[in-house]
Every structure is written in structure tokens, then in C-alpha cells.
Engineer: 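Let me begin by handing over the structure; questions about it come next.
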Amino acid sequence: MPELPDLEIFAVNLEKRFKNKTLEKLEVIVPKRLNVSETELKEALEGHQLQAVLREGKTMQLHFGGGNVLGLHLMLHGEIRLVEKDDQVKFRIIEFHFKGDNSFALTDFQKMATPTLNPEPSEVPDALSKDFTITYLKELLSKKKIQIKTLLMDQHLIRGIGNTYADEILWHTRISPFSIAKAIPEKKVKDLYQGIEEVLRKEIMQLTRAIPDSFNAEVKDFLKIHNPDLKHSPTGHEIKIDKIGGRKTYYTDEQVQYNL
DNA sequence: TAGAATGTTACAGG
DNA sequence: CCCTGTAACATTCT
């Protein structure tokens, strides 16, 4: 479900709660989702401490002692759920049992959330990483004839932005989501570049305060556009709803549409 | 109650 | 082969 800002917070909070705890037992409920055998996964992780939880694109990476990393992708509906003693959580994919009755599970009613042992490092820049540069964005846009929103959401091009924050970023920069990428003037591409970082970082700051402990809350409080409860943008313009790539898209007529 | 849901990918068509 | 757009995945919630 979540995008970059949410996952950033979840990773921090998960680390806060489970750092330095030893993984006593790993329970695999849906082995089909693994990239290695159940045995291999258990051998790699069981008995080791959780040293860090980091966000990478739309995944969280659990770093364990022994040098192994487990990537977790939540996909559309996946969640990290705390499991209380003797509690049965629905839709589990895998469950982590730490020493001292501390457990959490990766769940997904759609069974699509994916644990990956030692994921390959990606070549694609994360939206908040140093290698996501203005030069990279300019070059990328100049080559693409697709709508800008589709481009922002393509994880093979930029990692971390999804349906919600694509809308937020595009409203923030006053660019219509229907704009064709290569038609956007260079000056506006710079706004877009800055807007991506501004919107994401501000959201991370606000979520940090709002959910200091949660690793699954869905907080819509700070969204300005992509929120069905809102009728108007902060500047008083009517929010319109349309579809791009089968996905709901929120925008206003404050946003300029650039076409070829 | 039918449709939408903060995602990804296989596949079709150009 | 490259580029782009669409449908499907399974279940819950409104």
C-alpha cells in the first residue's frame, strides 16, 4: 500500500521496535512468495540479530547479523502487523518470531507482498538518493512521450513514487498529470525536480510526528490533493478526478498541461 | 452493492 | 527490438 514517505517511517519505527533482537524462528506460511527455498531462508536468518531496517525504493530491507538482508515489498495491500502472544493474524506470508515474545508478520490478503533474500542492488535512482540528479531527470523526460504521471510512477525509471505522491508532486509544481514528459519546458523540469524532494521530505517530517510508532498506519491528513475527502485544493480550486493508467488521478485546473 | 484500493508485471499492439 | 497502454492478481471496505 505505501509509498516512499510511509515506508521511510515504517522502516524507522520497525527498527526502533526490533533492533538488536534475535530472530529465534522464522515461520513461512506462503513459500511460493520466496526467491529461495524455505530452508535456505531460515538458515540465512534464524539465530541472527536484526541490525537495521532501511528503506530502498518501495521496499524495506531488514539487515541481519551474518550479513544477510531480507527485502520486503508490500505491494498494494501488504502490511507489517505486530503479532501478540497466542494471536492469529490473517493473511500471513511470513512471520518473524524474536526472542522474548516479540513477533511481527508480513501479511497481504492478495498474497502479493514479497520477501526477497539478498535482493540485487538496483541501478535505478531512488527519488531521495544522491544519484537522482536534475541531469538524470531532464534526460529522462526528454526521451519519453508518456504522460508525466506515468513516468513518475514507473519504478524502472525512478524508485519510490506511487499514485498518491505523483498527484501531490504534480499539483505542488502546477504541472498537469496529463502533460507529455518531453513537452515539459526545461525550466519546469527544474521545478519538478525540486518539488519531488520537497513534497516527499515534508511528508516524511509530518509523518514522523504523526505516527512515531506505527508500521502500518495509513495517514491521509497531510495530503492536499489525492484525498477523496477533499473538494478543493488549498488555493480553493475544485479538485477533479480522472483516470490515468487505470488509476485514480486527482488534479486541478491550476496545473498547466504541456503537449507536443 | 459494485467498484475502488498509496503496486507490479505480462502481454498485446504499434 | 523498442515503446506504450491495459488487464489481472484476491480480498476488503465503503
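FYI, side chains are in, hydrogens and waters are out, and symmetry mates aren't considered; it's all heavy atoms of this structure.
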Engineer: Given atom CD of Q147(A) and atom P of dT6(C), what is their separation to the nearest angstrom?
Structural biologist: 9 Å

Engineer: Quick one: K243(A) NZ to dG5(C) C1', roughly how many Å, whole number?
Structural biologist: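 One finds 14 Å between C1' of dG5(C) and NZ of K243(A), rounded.
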
Engineer: Find the partner of dC11(B): check Watson-Crick (N1-N3 plus N6-O4 or O6-N4) and G-U wobble (N1-O2, O6-N3) distances, both under 3.5 Å, and reply none if neither fits.
Structural biologist: dG5(C)

Engineer: Could you give the distance separating dT1(B) and dC9(C) at their P atoms, to the nearest angstrom?
Structural biologist: 23 Å

Engineer: On DNA chain C, check which nucleotide each of M112(A) and G246(A) is closest to and give me the residue with the more 5' one.
Structural biologist: G246(A)

Engineer: Any side-chain donor paired with an acceptor under 3.5 Å for E254(A) and W171(A)?
Structural biologist: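 Yes - a donor-acceptor pair under 3.5 Å links their side chains.
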
Engineer: Check for me whether the distance between the ring centres of F96(A) and F18(A) falls short of 6.0 Å.
Structural biologist: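 Centroid distance F96(A)-F18(A): not below 6.0 Å, so no.
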
Engineer: Using whole Å, report how far CD1 of I244(A) lies from P of dT8(B).
Structural biologist: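 Taking CD1 of I244(A) and P of dT8(B), I get 17 Å after rounding.
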
Engineer: Any heavy-atom pair between the side chains of L141(A) and I148(A) that's under 4.5 Å?
Structural biologist: yes

Engineer: Look at all strands and tell whether K248(A) reaches a base, only sugar-phosphate, or nothing, counting heavy atoms closer than 4.0 Å.
Structural biologist: sugar-phosphate

Engineer: Please check: side-chain N/O of Y193(A) versus main-chain N/O of F132(A), any donor-acceptor pairing under 3.5 Å?
Structural biologist: yes

Engineer: Determine the Euclidean distance between corresponding C1' atoms of dT6(B) and dT4(C); express it in Å to zero decimal places.
Structural biologist: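 These two C1' atoms come out 23 Å apart once rounded.
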
Engineer: If you only use heavy atoms from C-beta on, which nucleotide in dT4(C), dG7(B), dA5(B) is closest to the side chain of K144(A)?
Structural biologist: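 Minimum distance to the K144(A) side chain belongs to dT4(C).
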
Engineer: More 5' along DNA chain C: R247(A) or I146(A), using each one's nearest nucleotide?
Structural biologist: I146(A)

Engineer: Which base, if any, makes a Watson-Crick or G-U wobble pair with dT14(C), both distances under 3.5 Å?
Structural biologist: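 When the pairing criteria are applied, dA2(B) turns out to be the nucleotide that pairs with dT14(C).
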
Engineer: Take atom CD1 of I211(A) and atom C1' of dT6(B), then tell me their distance rounded to the nearest Å.
Structural biologist: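 Computing the I211(A):CD1 to dT6(B):C1' distance gives 13 Å.
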
Engineer: Exactly one of K149(A), Q147(A), K243(A) should register a side-chain hydrogen bond (donor to acceptor under 3.5 Å, both in side chains) with T249(A). Which one does?
Structural biologist: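 Only one of K149(A), Q147(A), K243(A) forms a side-chain hydrogen bond (donor to acceptor under 3.5 Å, both in side chains) with T249(A), namely K149(A).
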
Engineer: Just how far, in rounded Å, is P of dT6(C) from NZ of K149(A)?
Structural biologist: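 Value for this atom pair: 14 Å.
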
Engineer: Classify the nucleic acid contact of G162(A) as base, sugar-phosphate or nothing, counting any heavy atom under 4.0 Å across all strands shown.
Structural biologist: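 Here G162(A) touches the backbone only, sparing every base.
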
Engineer: Determine the contact category for K90(A): base if any of its heavy atoms lies under 4.0 Å from a base atom, sugar-phosphate if only primed atoms, P, OP1 or OP2 are that close, otherwise nothing.
Structural biologist: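 The answer is sugar-phosphate, as K90(A) gets under 4.0 Å only of primed atoms, P, OP1 or OP2.
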
Engineer: Would you kindly give the CZ-to-P distance between F109(A) and dG7(B), to the nearest whole Å?
Structural biologist: 13 Å

Engineer: Work out how far the P atom of dA10(C) is from that of dA10(B), and round it to whole angstrom.
Structural biologist: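 Going atom to atom, P in each nucleotide, I get 15 Å.
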
Engineer: Please pick, from dT4(C), dT6(B), dT8(B), the nucleotide with the shortest atom-to-atom distance to any side-chain atom of K145(A).
Structural biologist: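 Side chain of K145(A) sits closest to dT4(C).
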
Engineer: Nearest whole Å is fine: how far is dT6(B) P from H77(A) NE2?
Structural biologist: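 Result: 8 Å.
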
Engineer: In whole Å, I'd like the distance from the CG atom of L151(A) to the P atom of dG7(B).
Structural biologist: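 Computing the L151(A):CG to dG7(B):P distance gives 15 Å.
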
Engineer: With a 4.0 Å cutoff (strictly under), does any side-chain N or O of K58(A) reach OP1 or OP2 of dT8(B)?
Structural biologist: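 Yes, within the criterion.
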
Engineer: Among the nucleotides dT8(B), dT6(B), dA5(B), which one has an atom lying closest to any side-chain atom of T164(A)?
Structural biologist: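 Nearest to the side chain of T164(A) among the choices is dT6(B).
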
Engineer: Check the orientation of F64(A) and F98(A). Use parallel for under 30°, tilted for 30 to 60°, and perpendicular for over 60°.
Structural biologist: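 Aromatic pair F64(A)/F98(A) classed parallel.
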
Engineer: How would you label the contact of F91(A) with the nucleic acid (heavy atoms, under 4.0 Å): base, sugar-phosphate, or nothing?
Structural biologist: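 F91(A): backbone/sugar contact only, no base atoms under 4.0 Å.
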
Engineer: Within the pair K111(A) and dA10(C), is there a side-chain N or O less than 4.0 Å away from OP1 or OP2?
Structural biologist: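 For K111(A), the contact criterion (side-chain N or O under 4.0 Å from OP1 or OP2 of dA10(C)) is not met.
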
